[in-house]
Amino acid sequence: MTGQRTTLMMALAATLLAAACNNPIRRSGGGTVASEMNWATDADRALGELIAARQSDWRCGPVVYQVFVDRFARPSDERMAAKSGLYESPRELKRWDELPVSGRKNEDAGLWSHELHFWGGDIGSLTGRLDHIEELGADVVYLNPIHEAYTNHKYDAQDYFGVSPEYGTREDVVALADALHGRDMRLMLDGVFNHMGATAPTFLAAQRDPESAWREWFVFDEGARDGFRAWYGVANLPEVNLESEAVRARIWGDSDSVVRGWLRDGVDGWRLDVAYDIGPVLLEELVRSAQRTREDAWVVGEVWNYPEGWSPPLDGVMNFHVRELLIAMSEGRVSGARTCELIDRMIEDVGIEPMLRSWLILDNHDTDRLATWSKNERMRALLVALQMTLPGSPVVYYGTELGMEGKGDPGCRAPMRWDLVSDDNPTLTRYRALLDLRADHPALRYGNFERLASEKLFAFARRTDRVAETVVVVANPSAKRVTEVLPVPLGMVMSGDLVDLLPYNVAGPAHVRAGVMPITMGPHSVRIMTLQTDAGDGGYTPYGRIR
């Protein structure tokens with residue numbers, strides 16, 4: 001009887017095995033099992049809904065490439081000849097190989113001479129160089145101001161509806177937006193709505209005639225130094241009277257306003273200059289108006305504050321708080337562990353969703369370039385790795401991916417070094433590798449953030465509803481070798497190896513056992529790792545019944 005039972009059991013097992021082989025499904029970690037079960041728990045499903053919503057929202061975690069149009073790409077000789085009259089004195093057209101330097105005060109123009117130095121870049125020449133931006137791995141192109149203005153930086157707008165003729169026309173901007181959309185990329189403009197330029201015809205008319213229809217656009221005050229309210233007291237930048245409902249309507253409220261009109265024409269979002277001066281109440285009004293034209297319009301504000309309370313009303317902020325923490329860490333003024341703790345606290349205060357829609361900045365047109373303020377190449381590599389893996393949208397300032405240097409304004413606004421675009425450029429190679437890695441791993445774009453408790457190391461995990469997508473990042477910003485035992489407080493991470501994702505890392509795998517990971521990190525080093533979930537030669541993986 002026992003023999004018959006054994007024979008029947010073996011036959012049944014063979015039948016089930018044959019059925020499994022004929023109808024297999026892939027396990028979450030590789031290999032196949034004879035089941036069609038969905039191994040997601042209730043928690044997995046809840047998180048999965050959030051992850052799916054973030055994945056479908058282009059504003060969560062894209063890579064932004066910032067372009068200062070005048071300095072990005074030199075047009076053809078024919079194009080330069082055609083617009084040479086736009087650079088007449090006191091303006092001055094420079095050679096592409098000249099570096100910007102601080103100038104002298106031009107009392108007649110009320111400006112510094114370096115504000116009137118031009119290199120000739122325009123929208124057309126930028127459009128011709130989109131291959132580089134796309135191949136780098138950027139998703140969004142953000143332009144410094146392009147509105148009609150007198151200076152090279154265009155933060156002194158004369159007309160928000162037009163484009164400065166040195167840059168081209170409104171039609172050129174629409175064509176740029178179309179070209180980017182054809183590459184599955186987006187376009188964002190710089191909105192400078194807190195102030196205009198003293199050369200603006202509207203301001204001159206208002207200043208000349210108290211009865212002018214434009215008088216309501218500005219705040220005239222006999223007690224003010226120059227007779228009107230100016231941003232930071234700079235006479236060339238009269239503030240816009242945003243207290244006026246009629247003024248706000250033309251800038252962002254009306255269907256044909258500045259903000260909504262450009263969105264209608266194909267622009268995908270706005271970066272708002274000095275958003276902290278506009279204030280949260282008016283920012284909320286602006287964002288709601290923008291999203292009446294485009295529900296998915298992305299509005300990010302320049303906020304040199306702690307981000308709490310600013311997003312919302314904004315979709316996101318330029319996260320200078322994180323930049324300041326990373327600078328302090330890179331200079332040894334705060335430990336890696338403490339820096340990570342403070343960033344974790346910020347995310348807790350603000351919320352992960354606004355952080356995913358905020359910009360992560362290491363340098364831009366107002367700061368020293370990364371290669372200038374950090375001379376340690378390994379430290380720079382560590383900082384860029386963190387920029388590409390922390391929650392938010394990394395902003396690559398044109399040329400930083402090439403290792404360009406520059407001290408403050410105007411040094412940080414040098415013309416693009418196209419001669420450095422080469423496969424032999426180690427900085428460019430590193431950026432491409434990190435951006436490829438980011439594109440391949442959903443957790444880095446829109447996953448949750450989990451800090452790993454540490455005494456000295458900057459350690460965290462990014463995760464989605466799928467355990468196999470978990471990424472663990474550990475950085476040692478100190479000049480000493482560090483060995484620590486880190487907790488990995490993620491219940492679905494099994495005992496096993498974590499393997500490096502960076503192609504230039506040669507360290508062996510880190511090993512997790514019962515949620516504990518011993519790790520040794522060299523000076524100024526970073527590791528970006530993921531789980532080893534594939535089935536081994538015997539077809540076994542502990543992740544087989546895990547979402």
Side-chain angles (χ1 to χ4, degrees), residues 322-323 325-344 360 362 370-390 394 400-401 403 424-438 441 443-444 449-462 470-490 493 495-513 515-532:
V322 168
R323 179 179 182 270
L325 290 174
L326 293 178
I327 288 175
M329 182 189 74
S330 72
E331 295 173 347
R333 293 184 283 119
V334 62
S335 71
R338 178 62 172 162
T339 304
C340 191
E341 179 185 352
L342 293 173
I343 290 174
D344 185 39
L360 290 168
L362 292 179
L370 175 60
T372 296
W373 64 262
S374 179
K375 295 298 184 182
N376 183 325
E377 185 176 0
R378 287 178 62 85
M379 179 61 77
R380 291 201 302 272
L382 182 152
L383 293 170
V384 175
L386 292 178
Q387 182 193 26
M388 298 302 170
T389 55
L390 285 167
T400 291
E401 78 277 16
D424 297 329
N425 184 327
T427 302
L428 179 58
T429 298
R430 185 181 304 116
Y431 268 87
R432 286 172 173 169
L434 283 165
L435 289 174
D436 284 347
L437 185 155
R438 182 181 175 86
H441 293 273
L444 296 179
F449 175 87
E450 307 282 349
R451 181 173 68 92
L452 308 186
S454 172
E455 294 181 354
K456 297 179 181 179
L457 300 174
F458 193 124
F460 61 92
R462 302 291 305 279
T470 302
V471 176
V472 174
V473 180
V474 183
N476 175 19
S478 76
K480 297 181 179 180
R481 185 179 182 88
V482 173
T483 296
E484 276 202 43
V485 175
L486 301 179
V488 182
L490 304 173
V493 173
S495 297
D497 288 341
L498 273 66
V499 294
D500 280 277
L501 294 170
L502 288 174
Y504 47 81
N505 265 359
V506 294
H511 188 78
V512 176
R513 181 177 174 85
V516 175
M517 181 176 68
I519 192 166
T520 296
M521 299 289 296
H524 305 143
S525 65
V526 61
R527 296 183 66 179
I528 304 174
M529 301 172 285
T530 193
L531 311 181
Q532 182 65 268

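Note: hydrogens, waters and symmetry copies are ignored here, and every other heavy atom, side chains too, is used.
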**OP:** Show the numbers, then the answer: is there a side-chain contact (heavy atoms from CB on, under 4.5 Å) between T530 and T470?
**Re:** CA-CA 6 Å; T530 193; T470 302; 5.5 Å; no
**OP:** Walk me through it: do M521 and L457 pass the test side-chain contact (heavy atoms from CB on, under 4.5 Å)?
**Re:** CA-CA 9 Å; M521 299 289 296; L457 300 174; 4.1 Å; yes
Original post:
Under the side-chain contact (heavy atoms from CB on, under 4.5 Å) criterion, do F460 and T389 qualify, and how do the steps go?
Top reply: CA-CA 10 Å; F460 61 92; T389 55; 3.5 Å; yes
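Counting only heavy atoms from C-beta outward, the side chains of R333 and I327 approach each other to under 4.5 Å. Residues L498 and L531 have side chains in contact (heavy-atom distance under 4.5 Å, counting atoms from C-beta outward).
Under a 3.5 Å cut-off, the side chain of R527 and the backbone N or O of V473 do not form any donor-acceptor pair. Under a 3.5 Å cut-off, the side chain of R438 and the backbone N or O of L444 do form a donor-acceptor pair. A distance-only check finds no donor-acceptor pair linking the side chain of R451 to the backbone of D344 [under 3.5 Å].
Legend: residues meeting salt bridge (Lys or Arg N to Asp or Glu O under 4.0 Å) with D436, ordered by chain and number and at least two apart, are absent. Remark: P509 pairs with D497, V499 by the side-chain contact (heavy atoms from CB on, under 4.5 Å) rule, at least two apart or across chains. Evaluation of the side-chain contact (heavy atoms from CB on, under 4.5 Å) rule for L362 yields L326, L370, L383, V384, Q387 as partners, not counting sequence neighbours. Under the rule for a side-chain contact (heavy atoms from CB on, under 4.5 Å), the partners of A475 that lie at least two apart in sequence or sit in another chain are L382, L386, F458, V526. Taking K480 as the reference, nothing meets the salt bridge (Lys or Arg N to Asp or Glu O under 4.0 Å) condition, with sequence neighbours excluded. Residues that satisfy the salt bridge (Lys or Arg N to Asp or Glu O under 4.0 Å) test with R481, not counting sequence neighbours, are absent from this structure.
The minimum heavy-atom distance between A459 and C340, with the atom names listed, is O-SG, 3.4 Å. When all heavy atoms of R338 and V334 are compared, the pair lying nearest together is CG-CG2, 3.4 Å. In terms of heavy atoms, P487 sits closest to A453 at CD-O, 3.2 Å. The shortest non-hydrogen separation linking A510 to M517 is CB-SD, 3.8 Å. Shortest non-hydrogen contact noted between L490 and A461 is CD1-CB, 3.9 Å. Across all non-hydrogen atoms, the minimal contact from A337 to S454 is CB-O, 3.3 Å.
Here CG of L342 is found 11.5 Å from CE of M329. Values are rounded to the nearest 0.5 Å. Taking OG1 from T400 and OH from Y431, the interatomic distance works out to 5.5 Å, rounded to the nearest 0.5 Å. Note that OG of S330 is 11.0 Å distant from CZ of R380, once rounded to the nearest 0.5 Å. Distance check: M388 CE to L435 CG gives 4.5 Å after rounding to the nearest 0.5 Å. Note that CG of L502 and CD1 of I528 are 4.0 Å apart. Values are rounded to the nearest 0.5 Å. One finds the CD1 atom of I519 at 13.0 Å from the NE2 atom of H511 (value rounded to the nearest 0.5 Å).
With respect to E377 and R430, a salt bridge is recorded, a charged nitrogen being found less than 4.0 Å from a carboxylate O.
With hydrogens and angles left out, the side-chain atoms of N476 and H524 include no donor and acceptor closer than 3.5 Å.
Counting heavy-atom neighbours within 6.0 Å of E331 CD, excluding the residue itself, gives a total above 12.
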